[in-house]
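Per chain, numbering begins at 1; letters A, B, ... match sequence-line order. What you see is a predicted model; the values in this text were computed from it and never measured. Just the heavy atoms: all of them, side chains too, but no hydrogens, waters or symmetry mates, feed the values below.
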Number of protein chains: 2
Amino acid sequence: MSDPVTMRQIAERAQVSIGTVSHVINGTARVRTKLRMRVQEAIRSLGFQPSALAQGLRLNRTKMLGMIIPDITNPFFPGVVRGAEDVAFRNSYRLVLCNTDNEPAKEALYVAELRSFRAAGLLIIPAAGSDLRAELSSGTPATQPVVCVDRCPEGWTGDAVVVDNEEGAYQAAKHLIRSGHRHLAVITGPALLANAIERLNGFKRALREARLSIASEFVQEAAFDTRSGYQAAKRLLRMLPRPTAIFACNDLMALGVLHALHELDLRCPEDVSLVGFDNLEVCEYTNPALTSVYQSGYQMGAAAAGLLLERIKGLQDAPRHIALETELKLRKSVMSIANFDKIPSKKPRRRSKANREAVLAD
Amino acid sequence: MSDPVTMRQIAERAQVSIGTVSHVINGTARVRTKLRMRVQEAIRSLGFQPSALAQGLRLNRTKMLGMIIPDITNPFFPGVVRGAEDVAFRNSYRLVLCNTDNEPAKEALYVAELRSFRAAGLLIIPAAGSDLRAELSSGTPATQPVVCVDRCPEGWTGDAVVVDNEEGAYQAAKHLIRSGHRHLAVITGPALLANAIERLNGFKRALREARLSIASEFVQEAAFDTRSGYQAAKRLLRMLPRPTAIFACNDLMALGVLHALHELDLRCPEDVSLVGFDNLEVCEYTNPALTSVYQSGYQMGAAAAGLLLERIKGLQDAPRHIALETELKLRKSVMSIANFDKIPSKKPRRRSKANREAVLAD
DNA sequence: CTCAAACTTTGAAAGGTTTAAAAAAGGTTA
DNA sequence: TAACCTTTTTTAAACCTTTCAAAGTTTGAG
C-alpha cells in the first residue's frame, strides 16, 4: 500500500528472476508461456509501475521533453504548448514547461538542467538575443535533439518549425494597399527576433511592389506586448500626416493600438485601419473585430514535437526548416478607401479640444 | 566534451573519494580546507552538474512538481501555471505540465505517472467528476503532498487554494440588482465542478436577500466554454419575458453571450446587461467592455505552489483551505435601470423579421 | 539413447548519487 | 611514545532498471 512495487517484488511473486520480468515487460526476449503468464499475473495483482527514474538512469534518457518558451501568459503560446503536449502524450512522452521571460540567462539555465535530467529532446522558442548554439555546444547534441519553434536565433542551422512570417505580413500589407491605403505604418516586434524581422520584410516587400515608400518614423519598434504597442501607436498617431492604416506585427500590439485609438478619440476603421498578426481568439471580440493574419500555434507545436520525436527515434536527415502557412482573416478593422465617402460623421461624444491635446501630450 | 561529467571524474581529478565530493557539494560533512578547495577547483574546471536522475533514484524524490490542469488553452489557466512556475523556480523546482481535458481517466494516468516519477508534489486542478482521493489512495501521500487548485473534487479534505467564488458571484448579482434589474438569469458551469456550484450559490444568495425569485429556466448550465455559453444564451434570450441581465459564471461563457446577443440583434447593455467571472484580459476589449469578477490566477498558482513546497519541506499542519479574494471590476456591460429612459433607439441595421426568426430557430 | 543445436532463464554489472559505517589520520594527554 | 579521543576520509551498499554473457533446459536428429 505504501511503497511502490518494484520488479524485484514481481519477480519474487512470480518465482522468476528479475531479468525475466524485464523481458516480459519489454518483450526483449522470448519467454515461455507459463512463466510469462505468472509474471503478468503478478504484475496485475501487485500493480507494478516501472520507476521512470531508474529507467532513465539506466538508459541514459527519459521520456521527458523540455519545452522552453518565453511566457505561457502570452496568449499565443498556450496553443503551441498544447499542440506539443498532445503529440508528446500520444507517444508517451511528457512535457517539462519552462518560462524564460526572454532572458537568455534563464534559458541557458533551463537548457543545462534539462540536459542533466536527460530530457529526450528540447523544444525551444528562443529568447530574444539568446545564443542557443553556445548553450547547446557543451553537450552531445546527437543524443538530445533540439527543435526551434516559432523563431530561430541568429545563425541557427538546426531543425525548426516556424510560420511563413514574411508571406503573412506581405498579405496583410497588400490587403491594406488594395483597400486604397497609401500611408501605411507598421509596429514591429523586437529587432532581435527573427519572426519580427521577417514580418517587417514582408510588409516592406508589399510596399515596394506597390511603389510606395515608407517614412522611417512610420516603422515603430515595440516589444510584442500590449503596453508597448499602445505606446508605439501613440507615437504614430501624433504624426502629421497621420497614417491611415497600421500593421501591428502581432495581435497583442494591435490591442494596444486599439486602446490608443480609443483614447485619442479616433475611430477604427474610419480614421485608421488596423491589421494584426496571430489571429488570437480575442480578435473576434474586439471593437471593431480585428482583421489579422492567422497562424496556428497548435499546429506549430504539434509539428515541432512530431519532428523532435522523429529525431529522438533516430532520424538522420539534413536539418529541416518547416514553415507553416498563414491566412489573412478579414474582419472589421480595415476600411476600404472606396468607402471613404460613406463614413458617417463622428458622434458628438468627441472630446473637447483641450482634453484631446492633453491626451496627445501623454 | 561529449559525455556529462560525473562525480567519479571530479573525484579522480581532485584525488579524493567520491564520498568526499558528495560531502563537499552537499555540505553533509566537514571537509578539510585543502581537499575542499581541490574538489571545488575540479568542479569548476570540469563543469560538473549532478544527475538529477541518479539523485532522484537515490533519494526517492525529484525536484519536479506535477501540475495537472484541464487545458492550458483555456485563457484562465496560463496565469495559474505561471504563478506556480515562478515560485517553483525560485525554489529550484520545475514543473511538469499535464492537460487532462477534464477527463478523469487522463488525470488518473498522469497522477500515477507522476508518482512513479517521484515528483516531489502535485498541483491539481481536478477534472470534472474526478475521484482524486481514489487516484491518490494507492500511494503514500505523506511523501507526495497534493494541493488542489481552483476547485476541489467532492469530499476533498486535503490542502486547497481557491477563490471565494460564492462571494464573488454574490457581488456580481448584487451589482445587477442594485442597478435595478429584476429578471436575472445565470449561466452556470458544469454542476460537477465545485466552483460552479459555489458561484451559483452566491448568485442565489443575492437574489434571496433581495427577495427575488428565479425561474428554474433562468438557470442554464453550460460547460465554462464560449460555445456552450453561446448556446445557453440563445436559450435564455428566446424566453418571454426575457431576462434583462445575465450573470455568466465565467468570461468565456460571457463571450458566448455577447456573440448570441449580437446575432439576435440585441444590444448590450441597453437590452441585456451582462457580468462575467475571471476578469480575463479580453474583458477590456470586448464590445462593450465586460464587467467581470476579478480573480488572480497567478496568485492562486503562486499560493498553491508555496503551500505545496511547505508540505514538501515537512510542514505537518492540519490541511489548509485558502480562499483568495475577488473583486468586481466595473466596465460597460451593465446598464443601470435609472438610465433606461436614456437608451437611444435602435439603429436601423436591425435584421429583417424573417432573418431574425431564422437566427432564433437555430 | 546421446549429442548438438536452439531456445529459455538467470546472474551480475552498470548507470550516478547518497549515506551509514568503517577506516584512517590527526591531535592530546599521561 | 603509547593510548585514546576527534576529526576527516573512504568504502560499500542501496536505489531500480536493462542487458550481456553465462548457464540451464528443451528439442530433434542421428
[X] near the nucleic acid: base, sugar-phosphate alone, or nothing, with a heavy-atom cut-off under 4.0 Å?
X	result
Thr6(A)	sugar-phosphate
Leu59(A)	sugar-phosphate
Asn26(B)	sugar-phosphate
Leu35(B)	sugar-phosphate
Ser51(B)	sugar-phosphate

Integer-rounded Å distance: [N] [atom2] and [X] [atom1]:
X	N	atom1	atom2	answer
Gln9(B)	dG16(C)	CD	P	8 Å
Ile18(B)	dT10(D)	CD1	P	11 Å
Arg8(B)	dT10(D)	CZ	P	14 Å
Asn60(B)	dT17(D)	CG	P	11 Å
Leu53(B)	dG15(C)	CG	P	14 Å
Arg32(B)	dG26(C)	CZ	P	6 Å
Met37(B)	dT8(D)	CE	C1'	17 Å
Leu57(A)	dA13(C)	CG	P	17 Å

Q.
With a 6.0 Å cut-off on the ring centroids, do Phe89(B) and Tyr110(A) count as close?
A. yes
Q. Do the ring centers of Phe76(A) and Tyr298(A) come within less than 6.0 Å of each other?
A. no
(Q) Would you say Thr20(A) places a side-chain N or O within less than 4.0 Å of OP1 or OP2 belonging to dT10(C)? (A) yes
**Q.** Along DNA chain D (nearest heavy atom to each residue), the more 5'-positioned of Gly19(A) and His23(B)
**A.** His23(B)
Q. When you match Ser17(B) and Ala54(A) each to their closest nucleotide on DNA chain D, which lands nearer the 5' end?
A. Ser17(B)
Q: Assess the side chains of Arg38(A) and Gln15(A): does a donor N or O sit below 3.5 Å from an acceptor N or O?
A: no
Q: Kindly give the heavy-atom pair with the smallest separation between Ala304(A) and Val161(A), and that separation in Å.
A: CA-CG2, 3.6 Å
Q.
Of the options dT10(C), dT17(C), dT10(D), whose atoms approach the side-chain atoms of Val16(B) most closely?
A. dT10(D)
Q.
Looking only at the side chain of Gln55(B) (C-beta and beyond, no hydrogens), which of the listed nucleotides dT10(C), dT17(C), dC16(D) gets closest?
A. dT17(C)
**Q.** Residue whose nearest DNA chain C nucleotide is more 5′ - Arg30(A) or Ile25(B)
**A.** Arg30(A)
Q. In terms of heavy-atom contacts, does CD of Glu41(B) have more than 12 from other residues, nucleotides or ligands at under 6.0 Å?
A. yes
